[in-house]
Visitor: 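One structure coming up, written as structure tokens, with questions to follow.
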Amino acid sequence: MSGMQVPTQCKLDKYFKITERGSTVRQEILAGLTTFLAMVYSVIVVPGMLGQAGFPHAAVFISVCLVTGVGSLLMGLWVNLPMAIGCALSLCTFTAFSLVLGQQVSIPVALGAVFLMGCLFTLISVTGVRAWILRNIPMNIAHGTGIGIGLFLLLIAANGVGLVIKNPHDGLPVAFGSLTTFPVIMTLLGLAATIGLERRKVPGGIVLVIITISIIGLIFDPAVKYQGFFKVPTLGEDGLSLMFSMDIIGALQPAVLPSLLALVMTAIFDATGTIQAVASQANLLDKRGQIISGGKALTADSACSIFAGAIGSSPAGVYIESAAGTAVGGRTGLTASVVGILFLLILFLSPLSYLVPAYATAPALMYVGLLMLSNVRKLDFNDFVSAMSSLLCAVFIVLTCNIVTGIMLGFSTLVAGRVFSGEWRKLNIGTTILAIVLVVFYAGNWAI
């Protein structure tokens with residue numbers, strides 16, 4: 001048996017360059033499982049959000065599994081990076097509540113907009129425009145984006161379990177929740193356990209915490225119920241009703257075009273910033289500070305939105321939760337491939353997704369958020385204007401809950417700060433153009 005396993009591992013190692021990147025097959029599989037557990041909530045949240053806009057729940061569930069499964073396999077097998085692709089929640093919210101409910105656009109027209117957005121997004125990626133954008137993001141702004149995403153993850157996780165809540169009174173927008181609720185207690189204990197296990201370098205510590213808390217929830221939390229193991233997806237009229245139903249001609253109406261532009265612009269900077277942050281956290285940058293196989297990663301990321309629009313879902317993008325996998329050592333496409341396979345399996349094991357409550361994965365997301373805050377030490381404070389602009393980018397990502405808004409403020413402050421400080425010679429044309437484009441995009445009220 002062992003004699004048969006060695007060649008298989010060698011093939012995996014050679015294909016994914018596992019040893020070359022300082023990882024192991026076991027580590028990659030654990031990283032994939034961690035990322036999967038951290039983002040499995042999407043098969044519940046995305047159908048729920050789109051369902052409020054009238055999308056058939058069963059159809060969206062199938063499309064979410066397919067988009068995440070196929071997209072992650074594409075990122076793993078073709079690009080060889082540990083980044084999972086799924087239906088982006090920010091763009092999902094825009095599709096449901098702004099396009100369909102807000103503008104009263106029909107579902108086929110909305111899907112047509114998603115499909116066209118994917119086509120434009122892919123064209124921008126293939127022609128090198130998106131790679132040019134990535135090259136012209138100043139390194140300090142890139143680090144600031146990572147810091148901001150780390151803070152964003154902390155806020156998302158804390159809000160998801162009730163540790164931080166919307167402030168019911170006038171004043172600051174958020175307030176401290178309750179310390180004595182079961183989800184909060186489990187989250188804080190899980191975070192402490194995660195930090196302790198990672199300090200002791202226990203293999204798969206994050207996964208162990210997620211599984212343990214899920215089991216505790218199943219025993220003590222009435223809301224966590226075993227609903228079965230196997231379920232064949234609904235493939236009747238409801239299940240397939242959104243497949244290839246996009247109305248591309250309808251999406252080209254003048255009233256829809258501004259929303260299409262907003263989708264494209266937001267996807268460009270949101271997804272690009274996320275890819276940069278995850279790659280930096282995993283140390284998957286070359287000697288020039290560029291992402292390894294960055295061009296392929298950008299193309300795979302954007303092409304998945306074409307697929308999403310075709311099969312009836314919201315636009316796709318690399319998930320921030322991919323950082324949970326890289327935090328436990330994921331360095332290759334095997335991590336993303338494991339995520340893809342598991343999401344395809346969820347098509348038939350959907351009841352199991354309800355066994356992982358938010359407070360089981362919150363500790364992992366909070367831990368990753370804390371790790372990403374370490375990007376602060378990468379900032380060059382000798383370049384004062386750049387460092388301050390980067391911190392502004394980080395802070396406003398979390399204050400506005402929008403990655404693109406933070407990037408826009410970071411870019412615009414950097415350019416204006418260079419001018420006022422007399423350091424305008426340090427500006428390059430690419431950074432200046434991007435700053436102007438982003439400011440015009442926001443000034444025109446096209447931003448999501």
Side-chain angles (χ1 to χ4, degrees), residues 16 28 31-47 50 59-92 95 111 114-115 117-126 130 233 242-244 246 263-264 266-268 270-275 278-279 291 293-326 330 332-347 353:
F16 290 108
E28 293 295 310
L33 179 59
T34 302
T35 300
F36 167 75
L37 291 173
M39 61 184 289
V40 71
Y41 69 88
S42 63
V43 301
I44 301 170
V45 174
V46 174
L50 292 179
V60 176
F61 174 82
I62 292 171
S63 63
V64 169
C65 291
L66 290 175
V67 168
T68 311
V70 173
S72 298
L73 283 172
L74 180 64
M75 186 65 82
L77 298 175
W78 183 52
V79 185
N80 195 22
L81 286 178
M83 300 178 188
I85 292 177
C87 296
L89 293 187
S90 59
L91 301 180
C92 173
T95 303
L111 292 177
V114 172
F115 182 84
M117 168 262 175
C119 292
L120 290 172
F121 197 18
T122 303
L123 181 64
I124 290 169
S125 299
V126 171
R130 197 173 168 201
L242 295 181
M243 297 283 184
F244 307 107
M246 65 276 191
L263 281 171
V264 173
T266 301
I268 288 173
D270 191 316
T272 304
T274 300
I275 290 174
V278 174
I291 300 170
S293 301
K296 282 185 175 182
L298 299 177
T299 302
D301 170 66
S302 54
C304 286
S305 286
I306 300 177
F307 182 56
I311 67 172
S313 186
S314 56
V318 169
Y319 259 52
I320 299 175
E321 286 80 1
S322 299
T326 58
T332 76
L334 182 56
T335 293
S337 299
V338 170
V339 176
I341 292 169
L342 290 174
F343 267 96
L344 292 179
L345 286 176
I346 279 291
L347 275 170
S353 63

Visitor: Under the criterion side-chain contact (heavy atoms from CB on, under 4.5 Å), I'd like the reasoning laid out for Val79 against Leu74: C-alpha separation, chi angles, the key distance, then a yes or no.
Guide: CA-CA 7 Å; Val79 185; Leu74 180 64; 5.6 Å; no
Visitor: Any non-hydrogen side-chain atom of Ile85 less than 4.5 Å from a side-chain atom of Tyr319?
Guide: no
Visitor: Measure the shortest side-chain to side-chain distance between Met243 and Leu66 over non-hydrogen atoms and say whether it is less than 4.5 angstrom.
Guide: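 Yes, close enough: below the 4.5 Å cut-off.
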Visitor: Atom CD in Glu321, atom CG in Leu37: separation rounded to 0.5 Å?
Guide: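 If we round to the nearest 0.5 Å, Glu321:CD and Leu37:CG are 12.0 Å apart.
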Visitor: Any side-chain heavy atom of Ile62 within less than 4.5 Å of one from Leu347?
Guide: yes
Visitor: Hey, what do you get for CG (Asn80) to OG1 (Thr335), rounding to the nearest 0.5 Å?
Guide: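 If I round to the nearest 0.5 Å, the distance is 9.5 Å.
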Visitor: Can you tell me how far CE of Met83 sits from CG of Asp301, rounded to the nearest 0.5 angstrom?
Guide: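 That separation rounds to 9.5 Å.
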Visitor: Treating Ser72 as the side-chain partner and Ser337 as the backbone partner, does any N or O pair qualify as donor plus acceptor under 3.5 Å?
Guide: no
Visitor: Does the side chain of Cys92 reach to within under 4.5 Å of the side chain of Cys87, using non-hydrogen atoms?
Guide: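 Side-chain contact under 4.5 Å: no.
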Visitor: For a 4.5 angstrom cut-off between non-hydrogen side-chain atoms, does Arg130 reach Ile275?
Guide: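 Yes, close enough: below the 4.5 Å cut-off.
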Visitor: Could you give the distance from CD1 (Ile124) to CG (Leu120), rounded to the nearest 0.5 Å?
Guide: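 Taking CD1 in Ile124 and CG in Leu120, the distance rounds to 6.0 Å.
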Visitor: Under the side-chain contact (heavy atoms from CB on, under 4.5 Å) rule, what do Leu344 and Leu73 come out as? Steps first, then yes or no, please.
Guide: CA-CA 10 Å; Leu344 292 179; Leu73 283 172; 3.8 Å; yes
Visitor: Compare all side-chain heavy atoms of Leu263 with those of Phe121 and state whether any distance is below 4.5 angstrom.
Guide: no
Visitor: Please report the closest heavy-atom contact between Ile346 and Phe61, naming both atoms and the distance.
Guide: O-CZ, 3.8 Å
Visitor: Distance only, no hydrogens: is a donor on one side chain within 3.5 Å (strictly under) of an acceptor on the other, for Ser302 and Ser125?
Guide: yes
Visitor: Restricting to non-hydrogen atoms, name the atom on Thr35 and the atom on Ala324 that form the minimum distance, rounded to 0.1 Å.
Guide: OG1-C, 4.3 Å
Visitor: Closest approach of Ala84 and Ser322, non-hydrogen atoms and distance?
Guide: N-OG, 2.9 Å
Visitor: In Å, rounded to the nearest 0.5 Å, how long is the span from CE of Met75 to OG1 of Thr299?
Guide: 9.5 Å
Visitor: For residues Val43 and Cys65, report the shortest heavy-atom separation together with the two atoms involved.
Guide: CG1-SG, 4.0 Å
Visitor: Determine the minimum heavy-atom distance between Val64 and Pro47, stating which atoms define it.
Guide: CG2-CD, 4.3 Å
Visitor: Which heavy atom in Thr274 sits nearest to a heavy atom in Val318, and how many Å separate them?
Guide: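 For Thr274 and Val318, the tightest heavy-atom pair comes out as CG2-O, 3.7 Å.
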Visitor: Check the pair Leu81 / Ile291 against side-chain contact (heavy atoms from CB on, under 4.5 Å), numbers first and verdict last.
Guide: CA-CA 10 Å; Leu81 286 178; Ile291 300 170; 4.1 Å; yes
Visitor: Please examine the side chains of Ser63 and Ile311, heavy atoms only from C-beta on, and report whether any two atoms are closer than 4.5 Å.
Guide: yes
Visitor: Find out whether Cys304 and Val70 are in side-chain contact, i.e. whether some heavy atom of one side chain is under 4.5 Å from a heavy atom of the other.
Guide: no
Visitor: With under 30° as parallel and over 60° as perpendicular, where do the rings of Phe36 and Phe343 fit, or are they tilted in between?
Guide: perpendicular
